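To start, the structure under review is shown below, and the notes come after it.
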Amino acid sequence: MDFSTLPIIPITLGTLAAGTVLTFASGRWARWVALATSVVFLLEIGLMFLGYTSWPGRSSSLVPQFGEYQSYPWISLSWLQINFTVGIDGISLILILLTGFLQIATVVYTWNETKRPSAWFGLVLMTCLGSFGVFVSLDILLFFLFWETVLVPMFFIIGYWGGPNRRYAALKFFVYTHVASIVMLIGLLALVFYSGASSFDFSSIYAAAQGLTGIVPVVLFLSLFFGFGVKFPIVPFHTWLPDAHVEAPTGGSVLLAGLLLKLGGYGLIRWAVIILPTTLTQVDPILFFVAFLSIVWGAVLSLSQRDLKRMIAYSSINHMGIVLLAISLNSALGLTAAVLLMFAHGVVSALLFMGAGTFHHTYGTRDIPSVGGINSRTPILASLIMIGSLASLGLPALISFPAEFAALLATWDGLTYLVLIPLIGLVVTAAFYIWMMQRVLFGPPKGIPNDAHDVPPAEGLGMGMLAALTVIFGVLPFLLVNVITMSPITGWHG
Amino acid sequence: MTFADFALPFLPEILVLVGVLLVLILDVLGVKRIEVFGSITVGATLLALLFVIADLGFLPFAALSTVPAGQIDISLAVVGTPLYSFTSLGFVFQAIFLSATLLVSLASMSRPSYEKGAAVFYALVGMATLGMLLVGIASDLIFLLLAIEVTAISTYLLVGYTRRDPRSLEAAMKFYVIGALSTVISFFGASLLFGAYGSTNLYYIRSVGGAVGYPTLILLGYGLLIAGLAFKVTLVPFHAWAVDVYDGAPSDVSAFLAGGTKKIGLFAFFLVFLGPVLFFTTTGTSNPFNAGVLNTGPIFQIVLGVLAVVTMTVGNVLALMQKEMKRMLAYSSISQVGYMMIGIVIATSPAIAGATLQIFSHTFMKTGAFLVVAAVASLGIGPLISDWKGLGQRRPWLSVAFALILLSLAGVPLTVGFVSKFVLFSSAVQAQGYFIWLAVAGLLNSAISVFYYGRVLKVMFFDAPDPVVEVPAAGPTAPAPERIPVGGLGYARASTIALIAVVIVTFGIFPQVILGPIQSAAQHFLIAGP
């Protein structure tokens, strides 16, 4: 059978949506339905990979081109042409792959969820459905629709399954991200109407936006930057993130750090950087400043945290700062590094949050100073946390290293000695991870309850998958890089 | 012209009137069952709706159309100055009005028959609907104001018809006094305009524009009309009566007021102010104030725009502070009017289409919300938001339907509320210039509104229910409830709420079905309308 003619993206959207609805409705079989949906999703991602070499990607022109392109008319008015347009390039395919991995890892890790399992698994699938939709949408309304679809399940995940202060955190999360979405939406609409694009499709906006001059594209770019940046999150709009992470259940933190932050990065690349490349070079000092601020501030705050989860959350701000820096360099290498780093951070932070969750179950606290030497009692958990930490601080042969190395290389190309700032950030990151490992994993045992047991099978399997990915793609990063460069903006053309 | 030729275009109005008369006759004959009156009203409304939809040219029904195609959307400035005319946008609004009536009449059939005044209720709803239909075809200021009055007088009575609750009576009294005052103000404004133009025909007024010798009269006349109509649609600062009335009225009636009758004021705004908004512009040569000493600029755009923004903001902020469900919904209803006013401020065909779609979706959402409140009250749950704790566990389906309605009100995707806000706000961005600030204000306000809708969701789904066992009791003298099954809600009420939920989601995913006709209606309205 010839798979290349299938409209694979609409099919995938359909199966994910059907799986989500079925999961909500299937009571105590929900986890099995969720697992089946995740497996099917991975198979469909496999089908997308089958065809990627034949896409019109690495061309000599910078005009964006997409594989698996489908477009159906949706709303046709005299002044508003909205299509159901989907398509993928290398950038989106890598993030879709991340979505697939995180979905199955989360479902497996939270296999024994006892509090309203059908609702829990349904919301997890819905989050992944929304993320997938964001990554494939090439129409503003469709994009915004999926963008908002992600918010709703995450609000419920934090608000219902979260910690003691969950309601405050859920509301803060929703308000921050929703206000940002509004600014983003205005920016996107203005992009259409000021450029005079004939439809809401990405391609027609791209074509029309090249003619924008003067102050208009600058204002548009900055509004888009703010809208996507809050999701990143950029300092000073980051304060929702630590609260959301600390209160969210482990599965929620995994999706939050692994997927939701990536939506911001993806959106910035797709709808701002690609569409308004010349404007980026006008405003990049602002972006660099914000990126440096996020890198340093995130690292310094991580260093001072006692709560394991809060520490990982702040380190996310640091890592996403490097992503922002790599994006704002506006070079093929920088963008490739940014996408690779997003994938790496998605896997690694998910692994770390799972480790922190299991740690909390086992030791009844997440307070770093009050527990020590868990290596002796729970060696598997300690190893998994160690793999995550080492990957996060950028040890070679683990997944973050090639990404961070490429990002630093691109920074040197663009900014020369300013590369010292992210380097200092990396040193501080290494410091707080090593310090944490020294205190918690090794050293004399303390604060270990008598009934402490090692990782439960389901949680171990979930973390094991991600740890394996960390190693595989750390050793063989070209598997990802070859795909990422299947997009004009990340390809080395010429 | 035979009598049939003359009467046939009015078939929807005639059907509703026949329904009212039938209800009253059966009441005199001693029929007591609420189901009978309800079925008559529902039947008459449904038929009328069918004919209105046929007039709009929807395909399977288009053959039923009773208005000759040549009489729809003709530019009457050329033809003459009749009292009424048929416009596509008028038909769209008639369809919206009839939908509201249909939903309320259907849901009210679940109320127990021992409640007094079932026939009165349905007759008054029918009369109010008749007035609303007449608003849809008005093309003369006096005709318009009288049609509004037909609806208004029926609704004054509706608010207090149970004569049981002193709060309802107080609300009815307040409603009546304020309503009468606003009518007087409107008519005074209309008389000043008559003084300036020598006619009250809206088409004639638009064709003359500002080119008359009495600019002060025009300004005063329209100013008074803004005030008078603002009372009807509850623009801030003319909103104070609305919350007490919606709160005090029986919930079914509140649904009808917020979902249905309030919308006539908005269509009246469209009819009356399209002309002045278009000729009072910065550059228009017909603006009488541009040439003279006093340069007013686009004064009506500014005044109406400020009113719109103030209304949405004040309504939202006050809704945030409410502890009672009905009061919160009432304030949210006020704020929603602010969004709809954007349409007439911008006065381009996209904006009018967006506002009309917003009115359409709000009709379903607000009617649905108040019907859910009525249903929950019939389960013996109190009026405070905190009384709804844990409803998600006790009444999952009702809570899911209510959650859909609230999400739609908040403008969350995959609901019709999202589509309508999207179209409306993108029309503001499309108009460019300072209209973008209307979109910004509207979107920020939708963000605020997420707080109070989200709080209700939180209370329903996250909070544990109080351990008190619910007592399914209705009125104070409740005998054993008769025929109120489906978990105490009643078949009719439950199916109405389900229908609303289905409509919200269906049109949220496939909006083209209604957007197409609304858009062409708005285009015709801008070209041929008053």
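Residue numbers start from 1 in every chain, and the chains themselves are labelled A, B, ... in the order their sequence lines are given, proteins ahead of strands. Just so you know, these numbers come straight off a predicted model, no measurement behind them.
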Problem - Between CG on residue B/L407 and CD on residue A/E148, distance to nearest 0.5 Å - result: 11.0 Å
Practice task
Tell me, out of B/V423, B/L457, B/V419, B/L444, who's got the most heavy-atom pairs with chain A below 4.5 Å.
Solution key: B/V423
Problem - Close side-chain approach of A/Y194 and B/I436, heavy atoms under 4.5 Å - result: yes
Problem - Interface moiety of A/F200 toward chain B, non-hydrogen atoms closer than 4.5 Å - result: side chain
Handout entry: Part of B/S520 lying under 4.5 Å from any heavy atom of chain A
Key = neither
Handout entry: Contact origin within A/V152 toward chain B - heavy atom pairs under 4.5 Å
Key = side chain
Exercise for the section: Below 4.5 Å from any heavy atom of chain B, which atoms of A/S76 appear? Answer side chain, backbone, both or neither. Expected result: both
Handout entry: Within-4.5 Å side-chain heavy-atom neighbours: B/Q512 and A/W74
Key = no
Practice task
Check each atom of B/Q519 against the heavy atoms of chain A and say whether the ones under 4.5 Å are side chain, backbone, both or neither.
Solution key: side chain
Practice task
Could you tell me which portion of B/V450 (side chain, backbone, both or neither) has an atom closer than 4.5 angstrom to a non-hydrogen atom of chain A?
Solution key: side chain
Fill in the blank from the handout: Per-residue tally against chain B (heavy atom, under 4.5 Å) across A/Y160, A/F146, A/W147 peaks at A/Y160
Problem - Interface moiety of B/I509 toward chain A, non-hydrogen atoms closer than 4.5 Å - result: backbone
Handout entry: Region of B/P350 in contact with chain A, defined by heavy-atom distances below 4.5 Å
Key = both
Practice task
Please look at A/L80 and chain B and tell me whether the side chain, the backbone, both or neither of the residue comes under 4.5 angstrom of a heavy atom of that chain.
Solution key: side chain
Handout entry: A/L188 portion near chain B, given a 4.5 angstrom heavy-atom threshold
Key = neither
Exercise for the section: Over 60° means perpendicular and under 30° means parallel, so classify the ring planes of B/F418 and A/F144, tilted if in between. Expected result: parallel
Handout entry: B/Q393 and A/R116: CA distance, side-chain angles, deciding distance, side chain to side chain contact (heavy atoms under 4.5 Å, CB included) verdict
Key = CA-CA 11 Å; B/Q393 286 168 37; A/R116 303 278 289 273; 4.2 Å; yes
Exercise for the section: With rounding to the nearest 0.5 Å, note down the distance linking CG in B/L443 to CD1 in A/I186. Expected result: 4.5 Å
Handout entry: Distance, nearest 0.5 Å, that separates CG of A/L77 from CD of B/Q523
Key = 8.5 Å
Practice task
Working to the nearest 0.5 Å, report the span between CD1 of A/I75 and CG of B/L515.
Solution key: 6.0 Å
Exercise for the section: Measure the shortest side-chain to side-chain distance between B/F422 and A/I82 over non-hydrogen atoms and say whether it is less than 4.5 angstrom. Expected result: yes
Handout entry: Inter-residue atom distance A/F156.CZ - B/F461.CZ, 0.5 Å rounding
Key = 6.0 Å
Practice task
Indicate yes or no for a side-chain donor-acceptor contact from B/Q430 to the backbone of A/W79 under 3.5 Å, with no hydrogens or angles considered.
Solution key: no
Fill in the blank from the handout: On a heavy-atom basis, the closest approach of A/V179 and B/A447 is CG2-CB, 4.2 Å
Practice task
Counting only heavy atoms closer than 4.5 Å, note whether A/L171 contacts chain B via side chain, backbone, both or neither.
Solution key: side chain
Exercise for the section: Supply the atom-to-atom distance B/K458 NZ to A/F174 CZ, rounded to the nearest 0.5 angstrom. Expected result: 14.5 Å
Problem - Region of B/I448 that comes under 4.5 Å of a non-hydrogen atom in chain A - result: neither
Fill in the blank from the handout: Scored by heavy-atom pairs under 4.5 Å with chain B, the best of A/T149, A/V175, A/L151, A/V192 is A/V175
